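Report on one structure; see the data block that follows.
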Amino acid sequence: MVTALGAIAFHARIEAMIDPFGRHITYLRVSVTDRCDFRCIYCMAEDMTFLPKAELLSLEEMERLCAAFIRKGVRKLRLTGGEPLVRRNIMSLVHNLGQHLTSGDLDELALTTNGSQLAKYAAEIKAAGVRRINVSLDTLDEAKFRAITRWGRLPQVMEGLAAAKAAGLHVKINTVALKGINDGEFDRLIDWCGAEGFDLTLIETMPMGDIDGDRTDQYLPLSLVRARLQSRWTLEESDYRSGGPARYAQVRETGGRLGFITPLTHNFCESCNRVRVTCTGTLFMCLGQDDAADLRTPLRASDDDTLLENAIDKAIGRKPKGHDFIIDRRVNRPAVSRHMSVTGG
Ligand code: SAM
Ligand code: SF4
């Protein structure tokens with residue numbers, strides 16, 4: 001016989017996701033497509049092969065998957081990609097997920113985008129309940145922007161950013177620190193973000209997926225960047241956390257926040273609260289490890305979510321302690337074979 005107390009305990013076990021290291025999983029990142037309208041040099045090769053469309057979860061399946069995670073304790077959900085805003089009908093998913101904000105089941109719905117489609121969608125995104133978006137922008141120089149993104153146009157992103165600002169979205173700019181490419185521009189970016197009211201986060205390149213070139217040439221340790229920035233700016237320690245891995249400082253001169261994501265120089269795994277699901281329904285328990293769980297099969301096997309929830313529980317039960325990214329010139333291959341565009345960062 002199940003006692004009332006036993007039933008509560010059983011219920012709690014079904015609901016919460018706690019990994020073997022006691023970390024509560026409350027943050028889900030969903031890559032809604034592996035496709036993109038840019039080809040950033042650190043992220044993709046120019047002639048990428050994308051997944052056949054038949055392999056993708058439908059938007060309805062993604063919604064069902066997200067709802068299962070929300071029932072199991074996810075409070076923050078981020079849509080990413082590839083470029084999430086190039087997926088056809090993406091706004092229907094954004095809108096439907098926004099309903100979980102209204103019901104109070106979700107605290108935050110966020111988005112990471114390259115900004116190319118924001119002029120079209122910013123107002124709708126805001127109306128769906130999204131408050132904060134991350135926009136990737138590595139340079140303010142038009143020619144350099146073209147060189148980094150290969151296919152992108154800076155004015156289009158600037159237009160998108162203006163639309164986001166006008167819609168009242170809080171914008172954080174994500175800048176990947178690239179040695180010899182944008183390392184002379186961080187002061188300008190800090191200044192510009194301060195003036196625009198945007199936060200800024202600098203990211204170290206991570207060794208994920210084959211690109212056309214040697215990643216060790218791009219790698220710039222942020223410890224070095226930070227030391228350099230401190231000679232020009234007053235960086236005050238901040239205990240602000242966005243729910244992600246960035247550590248923040250407050251720039252006294254601009255009043256803006258400056259974040260650092262340093263997977264290589266600082267291991268941020270001890271406080272990891274997140275997992276990632278790809279557009280094919282593959283769950284990655286760690287960005288820096290290859291182990292994954294197939295959620296598409298249990299999702300499609302029945303209309304009831306029991307199989308799906310069991311598969312999620314099993315996967316969380318083997319979330320690893322951390323990643324072991326290493327950029328090493330002697331081993332000329334990425335630490336993780338999949339591209340960042342598969343799991344969306
Ligand atoms: N397309 C969207 C964008 O660019 O924001 C979302 C997906 S993109 C893969 C997410 C983030 O990952 C971007 O900020 C991008 O700069 C970053 N990124 C991609 N490849 C990376 C790598 N190898 N190392 C570090 N960051 C990377
Ligand atoms: Fe596309 Fe984002 Fe990767 Fe650039 S970083 S190629 S915009 S997915």
Side-chain angles (χ1 to χ4, degrees), residues 29-48 50-51 78-87 90 110-118 121 125 132-139 145-154 156-157 160-161 164 171-179 181-182 189 198-222 242 244-246 259-265 268 274 276 278-279 284 287-288 323 325-327 333-345:
R29 295 193 181 203
V30 184
S31 175
V32 299
T33 176
D34 63 332
R35 289 165 197 254
C36 187
D37 51 345
F38 291 4
R39 290 288 182 282
C40 302
I41 49 170
Y42 49 79
C43 179
M44 293 188 184
E46 188 154 19
D47 62 338
M48 286 286 287
F50 294 109
L51 292 162
R78 176 178 297 280
L79 301 181
T80 173
E83 174 46 42
L85 298 182
V86 300
R87 172 120 192 208
I90 185 64
L111 180 78
T112 300
T113 172
N114 64 22
S116 70
Q117 309 301 313
L118 272 179
Y121 291 131
I125 289 169
R132 302 194 297 174
I133 58 170
N134 290 354
V135 181
S136 304
L137 181 67
D138 304 319
T139 175
F145 185 84
R146 164 76 65 183
I148 294 172
T149 63
R150 292 195 185 103
W151 296 4
R153 283 182 46 247
L154 183 62
Q156 191 179 342
V157 173
L161 282 168
V171 174
K172 179 164 77 74
I173 300 292
N174 277 344
T175 300
V176 176
L178 300 162
K179 189 162 79 184
I181 302 178
N182 64 358
L189 277 160
F198 302 155
D199 288 338
L200 173 65
T201 293
L202 301 177
I203 306 174
E204 277 174 355
T205 51
M206 298 176 222
M208 297 187 67
D210 278 320
I211 52 170
D212 308 322
D214 184 350
R215 229 181 259 283
T216 44
D217 291 342
Q218 299 174 352
Y219 176 60
L220 177 62
L222 286 185
S242 61
F260 296 88
I261 299 187
T262 55
L264 278 90
T265 53
F268 50 47
R274 59 204 154 271
R276 297 168 166 85
T278 70
C279 55
F284 283 93
L287 180 64
H323 66 68
F325 282 141
I326 180 164
I327 288 196
R333 61 180 160 73
V336 174
S337 58
R338 65 183 187 279
H339 290 89
M340 186 74 101
S341 50
V342 173
T343 39

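It should be emphasised that the depicted structure is a prediction, and the values quoted were computed from it without experimental measurement. First listed ligand is number 1; within each ligand, the first listed atom is number 1.
- To the nearest 0.5 angstrom, Thr175 atom OG1 is 9.0 Å from Ile148 atom CD1.
- Distances from ligand 2 to the non-hydrogen atoms of Gly82 include at least one value under 4.0 Å.
- A distance of 12.5 Å separates NZ of Lys172 from CG of Leu137, quoted to the nearest 0.5 Å.
- No side-chain N or O of Arg276 forms a donor-acceptor pair with one of Ser31 less than 3.5 Å apart.
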Please assess Asn114 against Val157 for the test side-chain contact (heavy atoms from CB on, under 4.5 Å), listing each intermediate value before the final yes or no. CA-CA 7 Å; Asn114 64 22; Val157 173; 5.6 Å; no
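- Residue-ligand proximity, Phe38 to ligand 2, at heavy-atom distances under 4.0 Å covers atoms 6 (S), 7 (S).
- The proximity of Asp138 to ligand 1, defined as any non-hydrogen pair under 4.0 Å, does not occur for either the backbone or the side chain.
- The option with the heavy atom closest to atom 3 (C) of ligand 1, from among Gly152, Ser116, Ser136, is Ser136.
- Cys43 lies apart from atom 4 (Fe) of ligand 2 in this respect, since none of its N, O or S atoms is found at a distance under 2.8 Å.
- In this structure, the side chain of Asp37 does not engage the main chain of Ser116 through any donor-acceptor pair within 3.5 Å.
- Note: an N/O pair closer than 3.5 Å links Gly82 and ligand 1 by distance alone.
- Of all atoms in ligand 1, listed by their number and element, those nearer than 4.0 Å to a heavy atom of Asn174 are 14 (O).
- Formation of a donor-acceptor pair under 3.5 Å by the Arg150 side chain with backbone atoms of Met44 is found in this model.
- Each of the following atoms of ligand 1 lies closer than 4.0 Å to a heavy atom of Gly81: 7 (C), 9 (C).
- There is no side-chain donor-acceptor pair under 3.5 Å between Glu83 and Thr33.
- Inter-residue side-chain proximity for Asn134 and Thr201 is flagged as unmet; no heavy-atom pair is nearer than 4.5 Å.
- For ligand 1 and Cys43, the ligand atoms under 4.0 Å from any heavy atom of the residue are 19 (C), 20 (N).
- In the vicinity of Thr80, heavy-atom distances shorter than 4.0 Å reach the ligand 1 atoms 6 (C), 7 (C).
- Taking a cut-off of under 4.0 Å to the non-hydrogen atoms of Thr113, the atoms of ligand 1 that pass are 2 (C), 3 (C), 5 (O).
- Under the 4.5 Å side-chain criterion, counting only non-hydrogen atoms from C-beta, Tyr42 is in contact with Asp138.
- Proximity of a side-chain donor or acceptor of Arg78 to a complementary backbone N or O of Leu111 within less than 3.5 Å is detected.
- For ligand 1, one of its N or O atoms has an N or O atom of Tyr42 under 3.5 Å away.
- In this structure, of Cys40, Ser136, Gly152, the residue bringing a heavy atom nearest to atom 4 (Fe) of ligand 2 is Cys40.
- Atoms of ligand 1 lying under 4.0 Å from any heavy atom of Glu204, numbered from 1 in the order shown and given with element: 24 (N), 25 (C).
- Taking only nitrogen or oxygen atoms, main chain and side chain alike, Thr205 does not reach within less than 3.5 Å of ligand 1.
- Looking at Thr112 against ligand 1, both its backbone and its side chain come within 4.0 Å, counting heavy atoms.
- Within the 4.0 Å heavy-atom shell around ligand 1 one does not find Met44.
- Taking every non-hydrogen atom of Val176 and a distance limit under 4.0 Å, the qualifying atoms of ligand 1 come out as 16 (O), 26 (N).
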Begin from the C-alpha positions of Thr139 and Leu154 and carry the test side-chain contact (heavy atoms from CB on, under 4.5 Å) through to its verdict. CA-CA 9 Å; Thr139 175; Leu154 183 62; 6.0 Å; no
